[in-house]
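Below: the structure, in structure tokens.
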Amino acid sequence: MLELSFAYILCFSLNLLLDYVKTLDLDSYLLKAFLKNFIDYQPLVVSLFTFIVIVFHYQMLQRKKVEIFCRILVGGTVFNITTRYIRDSLTILIPVYLLSVLANAYLDFNFFSNFYLVLILITYILISARQVRKYENF
Amino acid sequence: MKIFRFIVSKIFLRKAILGIGMILLLCMANYITFAAARSILSTFQGYQETKYINQEGIYIANLDPESHMDMGLINENGTHAVYDYLNNNFNYAFYTDGFIVSIPNTDDMDISLGYMNEEYYKLNQFELSQGADVDFNYQFDGEIPVLIGKGLSTTYPVGSTIKMEESVLGRSITLKVQGVLKQNAYHSNYYALNSKTYYNFSILVPVNEEFMNHANIDLRLNGLMDITILQSTKEQIADLGEVIKDNLGLIFNFFSQQENYDYFNEYYLHALKIICIITFILLVVITCLSVWNALVGVRLMLKDFTINLLVGLSYSKLKKIFYGYFGILSFINLIVIFIITAFDRYGCWLRKDATFATYGLFGLIGMDWLALLLVAASDILIGVIVVESMLWKIKKIPISLGVLQ
């Protein structure tokens, strides 16, 4: 849980940081030219960075495959396990997103500037949730 | 090699997501390092170039940001009076560029004309690949000897002439190619040292007193903006400032060597320090994430590694395999950075951006190769940290326990 929260926080923080850099009124042309390398590609940089979340989901499911199989063995259903997995992931994602919205409000940024990240991360959760059924038969 | 191929294909590639994760993290680290290295190298090049004017007794003009430019007050007589005063009392280096003309050439680029006087030419010591130095004592009514960039040398070889219907003289002129500048010759902006104008598609026109007397007001006014006064004193400069103010209504600042050094220390060193700090912090974060990604890999592949260790694979061989695997990932990233850079350079040719079009091996110039070298060095550093942490993790777990897992 801590690991996933940390991964989400990193993604939102990166987006927030780049949003913040955009608002800076720098007199240094050199610094502006350097930061432009990142600001110009902000959505791409942040989206690529979210890959660490994919790595997290992947490794977690790999490590839990025995547990999933055992749960099914003792009466759990794939549907229940998948639902719980999605619910738990969203329980971590939503507070982190709300925290980032609060940070946006505090810094006077657009509320929805990081909403695209939520969509990307939810997509990851849904894709990884589909992997749960792969471990139905061990 | 056989065992390396076996471990990569049967263990690493079976968990390709972790490999892709590592590639993406490395890609970000490489991009940051590359951007920072290029900024620093470009600034350093600019600093080296401006060193020749950063000497005692040299003052560089700069229009005061608070000075309002009223074109209604600026006239031919005013600029003539200023240049007369300059010619009578000072040695000065004159240079101005950005006058775009359409001249036929093989690459269909718009050509930028740069005008310079003899003092500027002596100070800069342009390196030529063909031809000879320009002569400033040319006949004003005849052919004007010029230097051209490499991009124009095929269309206009040394000795050929270029006819221009319109010019700063307000009449048609004929230019004679006297020499060809070395490829990628450049001029750095005095006030943005990391920003350069490449001369590959430029023509450098020598300017003498007669030329200046007949030139239009644009050339004379633009030339004043960056004029460099040589062998002068603070008092003489103050008088020049007054003359400019009286005749053109403009307030000019003239910066001395010490002021330029102070400006560099305060403005550029500070910015460079911030770039270094940002790069360092981001690299540390990315290295930590890479170590995390690698340790996740070890956790998932521990059984495979320990089985191989059990059947005779030594730790030293495993170490070599890890370094080899990381080397492949780094190499993929270097290729990606190389392609992005080459495409970026090629983009200037596609956009017909004459001031940024450069020549080089695969389109990359010296500064890019040097930056790529620094990227490779940073990859080696990250590689050592990641591989050693992976080995540390594997060695920490007894082989028997690893197999059981």
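Residue numbers start from 1 in every chain, and the chains themselves are labelled A, B, ... in the order their sequence lines are given, proteins ahead of strands. Predicted model, so just to flag it, every value in this text is computed and none were measured.
- Interface residue B:Leu24: only side-chain heavy atoms are found under 4.5 Å from chain A.
- Among all heavy-atom pairs drawn from B:Gly21 and A:Val55, the shortest one is CA-CG2, 4.3 Å.
- Shown here is B:Phe280, whose CZ atom has no more than 12 heavy atoms of other residues, nucleotides or ligands within 6.0 Å.
- Remark: A:Leu48 CG to B:Ile23 CD1 distance equals 12.0 Å, nearest 0.5 Å.
- Shown here is A:Tyr97, whose OH atom has more than 12 heavy atoms of other residues, nucleotides or ligands within 6.0 Å.
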Exercise for review: Under the side chain to side chain contact (heavy atoms under 4.5 Å, CB included) rule, what do B:Ile275 and A:Leu30 come out as? Steps first, then yes or no, please.
Suggested key: CA-CA 9 Å; B:Ile275 288 175; A:Leu30 179 61; 4.0 Å; yes
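- Interface residue B:Ile20: backbone and side-chain heavy atoms are both found under 4.5 Å from chain A.
- For A:Phe38 against B:Ala35, the heavy-atom pair with the smallest separation is CZ-CB, 4.4 Å.
- In the displayed structure, B:Leu350 atom CG is contacted under 6.0 Å by more than 12 heavy atoms of other residues, nucleotides or ligands.
- Annotation: side chain of A:Phe51 is not in contact with side chain of B:Leu25 (no heavy-atom distance under 4.5 Å).
- Between B:Ile274 atom CD1 and A:Leu31 atom CG the span is 5.0 Å, to the nearest 0.5 Å.
- Contact of B:Ile17 with chain A is made through backbone and side chain together, with heavy-atom distances under 4.5 Å.
- Residue B:Ile278 touches chain A through its side chain alone, counting heavy-atom pairs closer than 4.5 Å.
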Candidate polar pairs, chain A side and chain B side, donor-acceptor under 3.5 Å:
| unit_1 | atom_1 | unit_2 | atom_2 | d |
| --- | --- | --- | --- | --- |
| A:Glu3 | OE2 | B:Trp292 | NE1 | 2.6 |
| A:Asp27 | O | B:Tyr267 | OH | 3.0 |
| A:Tyr29 | N | B:Tyr267 | OH | 2.8 |
| A:Asn37 | O | B:Tyr31 | OH | 2.7 |
| A:Gln59 | OE1 | B:Arg299 | NH2 | 2.9 |

